[in-house]
2 protein chains.
Amino acid sequence: MTDREEGAGQRRYHHGELREALLAAAEMELSEKGEDGFSLRSTAKRAGVSHAAPAHHFKDVTALLQGLAQRGFERLTATMKEEQAEAGDDAEALYVASGVGYIRFAAENPALFQLMFGARSSHDKPTELAKAGDASFSVLVNAVARLRGADLLKTEEGWRDVAAAWMMVHGYAHLAIGGKVGWLTGQSFDRQRPVIADLVRRALRL
Amino acid sequence: MTDREEGAGQRRYHHGELREALLAAAEMELSEKGEDGFSLRSTAKRAGVSHAAPAHHFKDVTALLQGLAQRGFERLTATMKEEQAEAGDDAEALYVASGVGYIRFAAENPALFQLMFGARSSHDKPTELAKAGDASFSVLVNAVARLRGADLLKTEEGWRDVAAAWMMVHGYAHLAIGGKVGWLTGQSFDRQRPVIADLVRRALRL
DNA sequence: AGAAAAATCTTGACACTGACAAAATAGGCA
DNA sequence: TGCCTATTTTGTCAGTGTCAAGATTTTTCT
């Protein structure tokens, strides 16, 4: 079966990578039409299959969107680490970079970000989605821990620090997506960076 | 025509306050079934009219939800002012109370809050909705202005202060609704108050 | 008052959606 | 080879939002 697995991607869809293709198509549909206006059928059509094909890979449209949200968290984690990598070794710079990455991801993937924190993804069991979300959270926690001590999450104060940091970046991200802070987000992202740095520092009173 | 306007609420087939009745029914539908699962037809049924009746009062389902969001902002404003009224005269206490009110409203009306900041309500023209949103924003701005000076919004620093405050409370509210901070929101709201106060103060480095 | 006009509500239709069942197709394995 | 299972298609169903047309009530005009 290791045959032409690199062929010119023709229509041999029967045994293919439909699951991946569906997720890719779904993300395009999502960013083009938003969460309202998203349609399972038109996602299937974009992937080149019939309207009932997705059922064998995702039991629901909700399951498909949760799969998308999971990948979103994975990419959010990657974006935060990417910013960290360009920030050097200073603990405070690493912390700021985490927040900048969080916000940059949201700005670059607004519809996906809204999906990740929307009603369809909320308070669920220990799914893959929850794990991916925890992984993103950990990036922030670790950055704060480098500033405040490794046993950060042992104390109420520590939880409060992490919560403050998360809430600040999340508030920025969500309000920016909603167009509520146009005086800020009208600028290019690089011009927002110093402002974000200031705001993120406030969360820990730095 | 001032006849039996107080009758036992029977089916007199024009019924005069359909717009209000639809908004009330829509809010119940929203909080019971969430934004997904919300249906114009079942809202109409709950209000006791046919499926096409709402069209004369709201051109769209979007228009209906925007009307609901507008009322949400009005009540958000009221909740913030309510908390302020119980906070006395101290400027810092007033500021904290604004944030507490913001978060309490979100906790008490999660689905409505998500609607107010969701995609359907975003970046629109100078509608009634936008005005109601600005009014809520002004409560926060005024509270910050009492701490930082009346010409707050003349300076970049001032905008940054307001943004920081808004982002912090908004982040709290949104993450709490999403069930992401269960260690906090598992408590009764009165037990959250001191934590909220701390977090809100951080935004202004108080 | 009575008739004309406007506003409101109902019925009916249309295209679209998500989900399900049954048939068709392809691949893996004996 | 031939069965078996996984995958995909076709067909169907109830439910949705919106539009058009008809029915009914309220308002306005003379």
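Order of the sequence lines fixes the chain letters, A, B, ..., with proteins taken first and strands second; residue numbering starts at 1 for each chain. In what follows, every heavy atom counts, from backbone to side chain, and hydrogens, waters and symmetry copies are set aside.
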| task | For A:Ala52 and for A:Ser42, find the nucleotide of DNA chain C with the closest heavy atom, then tell me which residue's nucleotide is more 5'. | result | A:Ser42
| remark: Rounded to whole Å, the CD-C1' distance (A:Glu17 to D:dT8) equals 16 Å
| field | Integer-rounded Å distance: C:dG18 C1' and A:Leu40 CG | value | 7 Å
| field | Residue B:Ser50, side-chain heavy atoms: nucleotide from C:dT11, D:dT18, D:dT7 that is nearest | value | C:dT11
| query | Is the backbone N or O of B:Leu147 less than 3.5 Å from a side-chain atom of B:Glu92, with the two atoms forming a donor-acceptor pair by type? | reply | no
If you restrict it to nitrogen or oxygen atoms, what contacts under 3.5 Å exist between nucleotides 13-15 of chain C and the protein, and what is each distance?
none

| query | With the threshold set at 4.0 Å, does a side-chain nitrogen-carboxylate oxygen contact exist between B:Arg71 and B:Glu27? | reply | no
| task | Please report the closest heavy-atom contact between A:Ala69 and A:Leu115, naming both atoms and the distance. | result | N-CD2, 4.1 Å
| said: Tell me whether the rings of A:His170 and A:His174 are parallel (<30°), tilted (30 to 60°) or perpendicular (>60°). | reply: parallel
| field | Nearest-Å distance for atom pair CG/P, residues A:Leu18 and D:dT9 | value | 8 Å
| message | How many whole angstroms separate atom NZ of A:Lys59 from atom C1' of C:dC20? | response | 14 Å
| field | Atom-pair distance (NZ on B:Lys45; P on C:dT11), nearest Å | value | 12 Å
| query | Whole Å only: how far is the NE2 atom of A:His57 from the C1' atom of C:dA19? | reply | 17 Å
| request: Rounded off to whole Å, could you give me the CZ-to-P distance for the A:Phe58 and D:dT8 pair? | output: 12 Å
| query | Can you list, by residue number, the residues of residues 29-39 of chain B that have a non-hydrogen atom closer than 4.0 angstrom to DNA chain C? | reply | none
| query | Of the nucleotides D:dT8, C:dT10, D:dG17, which has the atom closest to the B:Val61 side chain? | reply | D:dG17
| said: Show me the pairs that pass ring pair (Phe, Tyr, Trp, His ring centres under 6.0 Å) and involve residues 178-198 of chain B, at least two apart or across chains. | reply: A:Trp159-B:Trp183
| request: Specify whether B:Tyr102 and B:Phe113 have parallel, tilted or perpendicular ring planes, treating 30° as the upper limit for parallel and 60° as the lower limit for perpendicular. | output: perpendicular
| request: For salt bridge (Lys or Arg N to Asp or Glu O under 4.0 Å), just list the numbers for A:Glu157 and A:Arg148, CA-CA rounded to whole Å, side-chain angles, deciding distance to a tenth of an Å, and then say yes or no. | output: CA-CA 10 Å; A:Glu157 256 296 303; A:Arg148 291 286 154 99; 5.5 Å; no
| task | Provide, to the nearest angstrom, the distance between the CZ atom belonging to B:Arg19 and the C1' atom belonging to C:dC9. | result | 17 Å
